[in-house]
Amino acid sequence: MALTSKVAIVTGAAQGLGRGFSEILLQNGAKVALLDVNETVGKSLKETFDNQYGPDKSLFLSCNVESEEQLKAAFQKTIQTFGRPHIMCNNAGIINESNWEKAVSINLMGVVRGTYLALEHMNKLTGGQGGVVVNVGSLAGLGPLPCTPVYTATKHGVVGFTRAMAAASDISGYGIRFNVICPAFVQTDILNALYQPEKTGQFSSLIENTKKLIEMYGIIEVPDVSKNFLQLVTDETKNGEALAVLQKGCSYVTFPAL
Ligand SMILES: NC(=O)C1=CN([C@@H]2O[C@H](COP(=O)(O)OP(=O)(O)OC[C@H]3O[C@@H](n4cnc5c(N)ncnc54)[C@H](O)[C@@H]3O)[C@@H](O)[C@H]2O)C=CC1
Ligand SMILES: CC/C=C\C[C@H](O)[C@H](O)/C=C/C=C/C=C\C=C\C(=O)C/C=C\CCC(=O)O
């Protein structure tokens, strides 16, 4: 899929991986709606992007993925400004094992909310133009991260949800591909959870185990994840794929055939 003039929506876009995904979409000619709860960082990023790519290429929208209303309004504003979306990236996510209901609401329910709105606006069966949804999972969606059981559960949920949506799309003919990207440890602010006991809650004593995992897997830089994200967006043969992104390279996950 060529990205020139395609319309994309990215949640949690103000920094970290969301910023990287937004930037690679802009570099390839897409128009991007940047959704985030952090207005200060989001508005400043929009200024940076205006200087690099032009003021009509991106849009910052204050949006909490916990709110159906705010997400709906963000879709409406994107459509008014750029037209119907072709690409949706449900990226916003947190670690919070103390307030674990919030982690479920953002990491899993936020992905479901964003995906269902994308389906409403992109489904070819209901007047949409099709496209691709890329959800952001984690290596913790494929195996356990012991210091974050609920984070692990939400990411396993994102992997299962995305694969089921891809199968539903195939069977029904939505004209939308659904893929999930599963990076290991990436150099962003979320890694600071390691040193914030309130984020890992009752599992904060597992810091040494987490450090060993980080040593084992290494820490990836955002651009290395973004280029793999781009592959899931553009390669029209990919639907229902989970792409594991490790420092040693990336690979499509083979799930057991049931
Ligand atoms: N950095 C890492 O090691 C890895 C991160 N991930 C996932 O990547 C995604 C992005 O995380 P990072 O960039 O690493 O972290 P980050 O903390 O740098 O960025 C997260 C962004 O999401 C925004 N956000 C948080 N709650 C939100 C909400 N309710 N509504 C809208 N925006 C919200 C934040 O304001 C921030 O801009 C998350 O889903 C995370 O689980 C996956 C694998 C590895
Ligand atoms: C405090 C930790 C901070 C941030 C964590 C990140 O947000 C990130 O999402 C976490 C990744 C963690 C992965 C941890 C464990 C992986 C466990 C496995 O069992 C690996 C499963 C599959 C491997 C596939 C492969 O090797 O190809």
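Counting from 1, the numbers follow the sequence of the chain as shown. Note that this is a predicted model, so its numbers are computed, not measured. Each ligand, and each atom within it, is numbered from 1 in the order the structure gives.
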- Can an N or O of S138 be found at a distance shorter than 3.5 Å from an N or O of ligand 1? no
Note: A118 and I176 closest approach over all heavy atoms is O-CD1, 4.4 Å
Honestly, for I95 the part within reach of ligand 2 (heavy atoms, under 4.0 Å) is side chain
If you scan protein heavy atoms around atom 25 (C) of ligand 1, the nearest is I94 CG2, 3.9 Å
(Q) Does any part of the side chain of M122, heavy atoms only, come nearer than 4.5 Å to the side chain of H86, both counted from C-beta? (A) no
Counting from 1 in the order shown, the ligand 1 atoms closer than 4.0 Å to a non-hydrogen atom of G16 are 13 (O), 18 (O)
Near N64 (heavy-atom distance under 4.0 Å), the atoms of ligand 1 are 28 (C), 29 (N), 30 (N)
Any heavy atom of R19 under 4.0 Å from ligand 1? The part involved is neither
Counting from 1 in the order shown, the ligand 1 atoms closer than 4.0 Å to a non-hydrogen atom of D189 are 18 (O)
### Query
Parallel, tilted or perpendicular: which describes the rings of F185 and Y217, with under 30° parallel and over 60° perpendicular?
tilted
Item to complete: Run the contact test for Q187 against ligand 1 with a 4.0 Å cut-off on heavy atoms, strictly below, and give the result.
Response: no
Atom 20 (C) of ligand 2: closest protein heavy atom, distance to 0.1 Å, is Y217 OH, 3.3 Å
Check: S105 side chain, E101 main-chain N or O, donor-acceptor pair, under 3.5 Å:
no
Here the gap from L61 atom CG to L35 atom CG, rounded to the nearest 0.5 Å, amounts to 5.0 Å
Going by heavy atoms, is V37 under 4.0 Å from ligand 1? yes
Within 4.0 Å of some non-hydrogen atom of I106, the atoms of ligand 1 are 26 (N), 29 (N)
| Taking the six-membered ring of F255 as reference, does the NZ or CZ atom of R163 fall below 6.0 Å from its centre and within a 45° cone about the axis? | yes
Per-atom filter on ligand 2: closer than 4.0 angstrom to a heavy atom of I190 are 3 (C), 7 (O)
shortest atom 19 (O) of ligand 2-to-protein heavy-atom contact is with G143 CA, 3.3 Å
Closest to atom 14 (C) of ligand 2 among protein heavy atoms sits L145 CD1, 3.7 Å
Closest to atom 25 (C) of ligand 2 by heavy-atom distance, out of L246, V245, T148, is L246
Discussion item. For G240, is there any backbone N or O sitting under 3.5 Å from a side-chain donor or acceptor partner on N179?
Written reply: yes
State yes or no: are the ring centers of Y116 and F161 separated by less than 6.0 Å? yes
Margin query: Can you confirm, on distance only, whether ligand 1 has an N/O atom lying under 3.5 Å from any N/O atom belonging to E66?
Written below: no
Closest to atom 16 (P) of ligand 1 among protein heavy atoms sits Q15 NE2, 3.5 Å
Residue, atom and distance of the protein heavy atom nearest atom 43 (C) of ligand 1 read P183 O, 3.3 Å
Does atom CD of Q202 have more than 12 heavy-atom neighbours from other groups under 6.0 Å away? no
ask   = Mind checking whether V132 and T234 have side chains closer than 4.5 Å, heavy atoms only?
value = no
Ligand 2 to Y151, heavy atom cutoff 4.0 Å, flagged ligand atoms 6 (C), 7 (O), 8 (C), 9 (O)
- Task: Taking atom NZ of K238 as the centre, report whether more than 12 heavy atoms of other residues, nucleotides or ligands fall under 6.0 Å from it.
- Result: yes
A student checking ligand 1 against F185 at a 4.0 Å heavy-atom cut-off should list atoms 3 (O)
**Asked** Using 4.0 Å as the upper bound for N to carboxylate O, is an ion pair formed by K102 and E66?
**Response** yes
Ligand 1 to G93, heavy atom cutoff 4.0 Å, flagged ligand atoms 38 (C), 39 (O)
d(I9 CD1, S22 OG) to nearest 0.5 Å is 11.0 Å
The closest protein heavy-atom partner of atom 21 (C) of ligand 1 is G12 O, 3.7 Å
- Consider ligand 1: state whether an atom of it lies below 4.0 angstrom from any non-hydrogen atom of G137. yes
Would one find an N or O of V186, backbone or side chain, under 3.5 Å from an N or O of ligand 1? yes
Logged contact type for A184 with ligand 1, heavy-atom cut-off 4.0 Å, is backbone
Measuring only between side-chain heavy atoms, which start at C-beta, is W100 closer than 4.5 Å to P149? no
Verify the cluster assignment for M88 and L243: are they in a single hydrophobic cluster under the rule of side-chain heavy atoms below 4.5 Å apart? no
Here the atoms of ligand 1 under 4.0 Å from any heavy atom belonging to A92 are 31 (C), 32 (N), 33 (C), 39 (O)
Atom 40 (C) of ligand 1: closest protein heavy atom, distance to 0.1 Å, is Y151 OH, 3.5 Å
heavy-atom search around atom 11 (O) of ligand 1 in the protein gives I190 CD1, 4.4 Å
inquiry  = So, regarding T188 and ligand 1 (criterion: nitrogen or oxygen to nitrogen or oxygen, under 3.5 Å), is there a contact or not?
reply    = yes
Closest to atom 37 (O) of ligand 1 among protein heavy atoms sits D36 OD2, 2.7 Å
CG of L191 to CD1 of I95, rounded to nearest 0.5 Å, is 7.5 Å
shortest atom 12 (C) of ligand 2-to-protein heavy-atom contact is with F185 CZ, 3.6 Å
shortest atom 13 (C) of ligand 2-to-protein heavy-atom contact is with L139 CB, 3.6 Å
among protein heavy atoms, the one nearest atom 1 (C) of ligand 2 is L194 N, 3.8 Å
dist L45:CG -> N38:CG (nearest 0.5 Å) comes out at 10.5 Å
Between the CD1 atom in I24 and the CZ atom in R19, the distance rounded to the nearest 0.5 Å is 13.5 Å
Q: State if P144 counts as touching ligand 2 under the rule of any non-hydrogen atom under 4.0 Å.
A: yes
Atom 31 (C) of ligand 1 sits nearest the protein heavy atom C63 O, 3.3 Å
Between the CD atom in E198 and the CG atom in N99, the distance rounded to the nearest 0.5 Å is 12.0 Å
Out of V136, L139, N91, the nearest non-hydrogen contact to atom 39 (O) of ligand 1 is supplied by N91
Counting from 1 in the order shown, the ligand 2 atoms closer than 4.0 Å to a non-hydrogen atom of S138 are 8 (C), 9 (O), 10 (C), 11 (C)
_Between N90 and T11, a side-chain donor and acceptor under 3.5 Å_ = no
Under 4.0 Å from one or more heavy atoms of L17, ligand 1 contributes atoms 5 (C), 6 (N), 8 (O), 13 (O)
Decide yes or no on side-chain contact (heavy atoms from CB on, under 4.5 Å) for T115 and L119, but give the supporting numbers first.
CA-CA 6 Å; T115 302; L119 178 62; 5.7 Å; no
